[in-house]
K.L.:
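A single structure is presented below for examination.
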Amino acid sequence: MDSLKKLESQSVYILREAYRNFKSLCMLWSIGKDSTVLLWLARKAFFGHVPVPLVHIDTHYKIPEMIAYRDRLAREWRLNMIYGENTAALAKKATFPDGAVDRLQCCKHLKSEALRHTLSGEWPRYRMDHASGRYEPDTDQAPYTGVIVGVRADEEGSRSKERYFSPRDKYSEWNVSDQPPEFWNQFKTDFAPGTHVRIHPLLDWTELNIWEYIEREKIPMSSLYFDQGSGKRYRSLGCYPCTAPVDSTAKTPADIIEELKTGKFTNIAERAGRAQDKEDAGGLETLRQEGYM
Amino acid sequence: MHREHMTVVIVGHVDHGKSTVIGRLLADTGSLPEGKLDQVKATCARNAKPFEYAFLLDALKDERSQGITIDAARCFFKTARRDYIILDAPGHIEFLKNMVTGASRAEVAILVIDAKQGVQENTRRHGMVVSMIGVKRILVLVNKMDLVGYDQAAFERVSNAFRAFLKEIDIEPIAFIPVSAFQGDNLISTSQRMPWYQGRPFLGELDLIPVKEQPANLPLRFPVQDIYKFTENGDERRIIAGTLATGTARAGDPVVFYPSGKRSTIRSVEEFNTPPRQDAASGEAIGFTLTDELYLRPGEIMTRQDARPPRTATQFKANIFWVGRTPFVKDKTYKLKIGTAQSPVKLVDILRIIDAQDLSSAVRQDSINRHDVATCVLEVTRPIAYDLAQDIEALSRFVIVDHFEIAGGGIIIDELRPDASTLEQHVTNREKRWVHGLVLPAERAAAYRHKGQFIIVTGNSAEKNGAVARLLERSLFDNGRKAYYLNTANLTCGLTDGSTDVADAREEEIRVLGELGRVLTDAGHIVVTDLNHYDAYDIARLKTFVHPFEVLVVGLGASAPETTLSLNDAMSPGDTAAVICQWLRDMDILPDYSL
């Protein structure tokens, strides 16, 4: 077994453990490469099916291609596709840059808060109706007790402290200093009422692994990741006011793998194009403790 | 195409120099972000503080918001041979659970000992726990050799003391290496300051350790993780999903599941987005379909019918380490998780608590406290399938959950056969106290021309089992036998109280069926019942309950365990009942009228 196959097997094992142990389970799909690989791994784990709802937090500032790509795959793969949003903050324009808040506040409103209340079922969820192809208010508002998330340990400092199965309290808070032990593929699958568990099947993957796997499995990716002739492409996808493309002429996953291997981006962080990370030291860890993915 | 990877955990007593070793490795293998080293050195100079390599780790921690892909908990470095991930396990005792979490993902452990301070409590404790968690390959770095004047005698004193300790717990380290991480001696290259040391420097030794391969020739062990039947888009497959722990499996293999004892044959190997395949190897997360629609529960272990089976038992001896907030005590029910199986478990006895101070057996305690390492006896309610640590270690590993948290882990080292089970004792007492009437059993058998009998009809189709059992009653009755069809659903209408949870409900159903079977067979009846989804353990219990009368198990199809008579399940219910009647006559269980 090569290292990519080992990573795949471990992720599949984790997904199946999650599916078996959590009655109310969902998977967060940010449309980015990591969570799309995660979605593909779910199809691996469940033999072509995706038996859990996919939840997307729509900030309504996403690059429009992202939403088109989301809905195209949702229809093709018959996904149980759900989105949630912070309707009040959007209405009040408590957003960046068109409102009176900074980037981190905007992230907090449109992502952390929207995520927390969508997961808990307090705010409306919208589900794709495959008959009409439109999103309709979801009748199921039960809280999700297991949430599968595509974070990787190598992305940035705080994520390297995560477990595969990581508990969150009822305010979605993460206690970094006191995490459960986890060994021999035995995870924290028992949890007290009112709490939920974040499940991280991609923890051991690196950015390079992700692209190697996309290449091997021929996973369809958003075109934003590839240079369309302008000499620029996105390395990480997010909201358009805060995400900038990088200079690169990579047009295929193979080109990107080559780029990563030859060290074009050595010592340049993957999220370097994400402006909100730079607002304050440790900002992302603070966001994550509050429930940001 | 892919470079080799190896994950290494670094452990040892607090302040023995783990961070310095890692800092030095990152710096000297060029694995630090550009300018980092100079920057930290400059900061030290500015604050009039001597530079230490351990500061590099702190500096990296502070950089997290800039997204540098290194963290104190995991460091990445490369050699010409392979890519390494180093997991930095905290040396402080309070973080034993984090150490264990890190160590369980590692292939090799590096144990750092301070040459001056020598072997300390956590050096020993980490040695024991790392070994128990399954990391058998240990490199020992005797660090801070600069503080003992690079003295060979000091190195040997520490090495010998620790080697003696490791020998007692059956560990043979790969090497002892005298190093000074602070000065950079013997880490990357051979130091001139210790000419008496003939071995390789640390990195050279590490590069020579082969990546762990699954031992070949182990029997198939496939813990069933789940059973899927996703019907969307007309998918008809019923897939047994899991990851092969050991061995290989191929389509057409006759297989058996433990602890249930159910049998079938692999029909196909299933995987998404790969060309059709016929076999699967250890480590693969995969799926199988079977030729029979077996009712299986997650947690069973599939093996080949011709392979050495795993063990099944309710009591076993285990080595455990405890990281729970509250002690592990007797008379309390915990949850055991082993492989993909879960079961209630109790601590029955504590045989030995190892004292990390001097390895002697401590005074007998009646609880296992946080950070203790102990040998104990555990008991589960229903048998679990497992292997002993010395046979297949991966199948011997379990964790214990206390109040939603994993509180301990261990390996099974021996199985125990309880003298007489509680059930057997109950039956012995029951038979002693049984009050008979004036009609002797032999008189009753002569009058009825048969003895009391308990017949179970079982197979994959509940509907068919019931039809055959009813027709068998009819046919026996029409032939003048005292036959009675007993449906288990009737038991829950009054005999059981229906208040028990699902796991217990089955235990209770078997108990009531068995006790009732004892009465009806004593009354001379041929009791016919149909049972679905039972396993070898249920049959064993029924036989004990119905004692002294006999239980016959008629299996329809080849998958049922513990059958007395196995029949082809393609026959009609009527024909099947006729064949069973004929068999009962042939076996002289029902002597013929004509005789």
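The shown structure was predicted, so the numbers you read here are calculated from the model rather than taken from an experiment. Labels below follow one simple rule: chain letters A, B, ... track the order of the sequence lines, proteins then strands, and each chain is numbered from 1.
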K.L.:
Side chain, backbone, both or neither: which part of B:Thr7 has a heavy atom under 4.5 Å from chain A?
P.N.:
neither
K.L.:
Heavy-atom distance under 4.5 Å to chain A: side chain of B:Ile406, backbone, both or neither?
P.N.:
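Both backbone and side chain.
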K.L.:
For A:Asn209 and A:Leu4, which heavy atoms make the closest approach, and how far apart are they?
P.N.:
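That would be O-CD1, 3.7 Å.
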K.L.:
Relative to chain B, which segment of A:Lys5 carries a heavy atom at a distance below 4.5 Å: side chain, backbone, both, or neither?
P.N.:
side chain
K.L.:
Checking A:Phe46 against chain B: side chain, backbone, both or neither under 4.5 Å from a heavy atom?
P.N.:
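Both backbone and side chain.
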K.L.:
Quick one: what part of A:Tyr164 sits under 4.5 Å from any heavy atom of chain B, side chain, backbone, both or neither?
P.N.:
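The answer is both parts of A:Tyr164.
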K.L.:
Taking the six-membered ring for Trp and the single ring otherwise, decide whether the centroids of A:Phe191 and B:Phe404 are under 6.0 Å apart.
P.N.:
no
K.L.:
Between A:His130 and A:Leu79, what is the shortest heavy-atom contact and its length?
P.N.:
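Where A:His130 meets A:Leu79 most closely, the heavy atoms are NE2-O, 2.6 Å.
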K.L.:
Would you say that more than 12 heavy atoms from the other residues, nucleotides or ligands in this model lie under 6.0 Å from the NZ of B:Lys229, or not?
P.N.:
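Result for NZ/B:Lys229: enclosed.
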K.L.:
Would you please indicate if the ring centroids of B:Phe321 and B:Phe328 are separated by under 6.0 Å?
P.N.:
no
K.L.:
Using a cut-off of under 4.5 Å on heavy-atom pairs, state which of B:Gly410, B:Ala281, B:Gly134, B:Gly287 scores highest against chain A.
P.N.:
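Ranked by heavy-atom pairs under 4.5 Å with chain A, first place is B:Gly410.
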K.L.:
For B:Ile85, is it the side chain, the backbone, both or neither that has a heavy atom under 4.5 Å from a heavy atom of chain A?
P.N.:
neither
K.L.:
What are the two closest non-hydrogen atoms of A:Ser166 and A:His200, and how far apart are they?
P.N.:
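Closest approach of A:Ser166 to A:His200: CB-CE1, 3.7 Å.
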K.L.:
Which one, A:Ala192, A:Pro167, A:Ala45, A:Pro51, leads in non-hydrogen pairs under 4.5 Å with chain B?
P.N.:
A:Ala192
K.L.:
Before we go on, tell me: are the rings of B:Phe288 and B:Phe222 under 6.0 Å apart, centre to centre?
P.N.:
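Yes - the distance between ring centres of B:Phe288 and B:Phe222 falls below the 6.0 Å cut-off.
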K.L.:
Of all residues at least two apart in sequence or in a different chain, which pass the side chain to side chain contact (heavy atoms under 4.5 Å, CB included) check with A:Lys44?
P.N.:
A:Glu8, A:Val12, A:Trp40, A:Tyr213, A:Glu217, B:Phe272, B:Asn273, B:Thr274
K.L.:
With only heavy atoms counted, which part of A:Ser11 is less than 4.5 Å from chain B, the side chain, the backbone, both or neither?
P.N.:
neither
K.L.:
Side chain, backbone, both or neither: which part of B:Tyr228 has a non-hydrogen atom closer than 4.5 Å to chain A?
P.N.:
side chain
K.L.:
Name the member of B:Thr243, B:Asn233, B:Thr340 that forms the most heavy-atom pairs with chain A at distances under 4.5 Å.
P.N.:
B:Thr340
K.L.:
Return the set of residues passing side-chain hydrogen bond (donor to acceptor under 3.5 Å, both in side chains) with A:Lys188 (not counting sequence neighbours), or none when no residue passes.
P.N.:
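Checked A:Lys188 against side-chain hydrogen bond (donor to acceptor under 3.5 Å, both in side chains); matches are B:Glu405.
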K.L.:
Look at A:Gln10, A:Arg78, A:Glu17 and state which one has the largest set of heavy-atom pairs under 4.5 Å with chain B.
P.N.:
A:Glu17
K.L.:
Find the one option among B:Ile338, B:Val323, B:Ile286, B:Val401 whose heavy-atom pairs under 4.5 Å with chain A are most numerous.
P.N.:
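Most pairs with chain A among the choices: B:Ile286.
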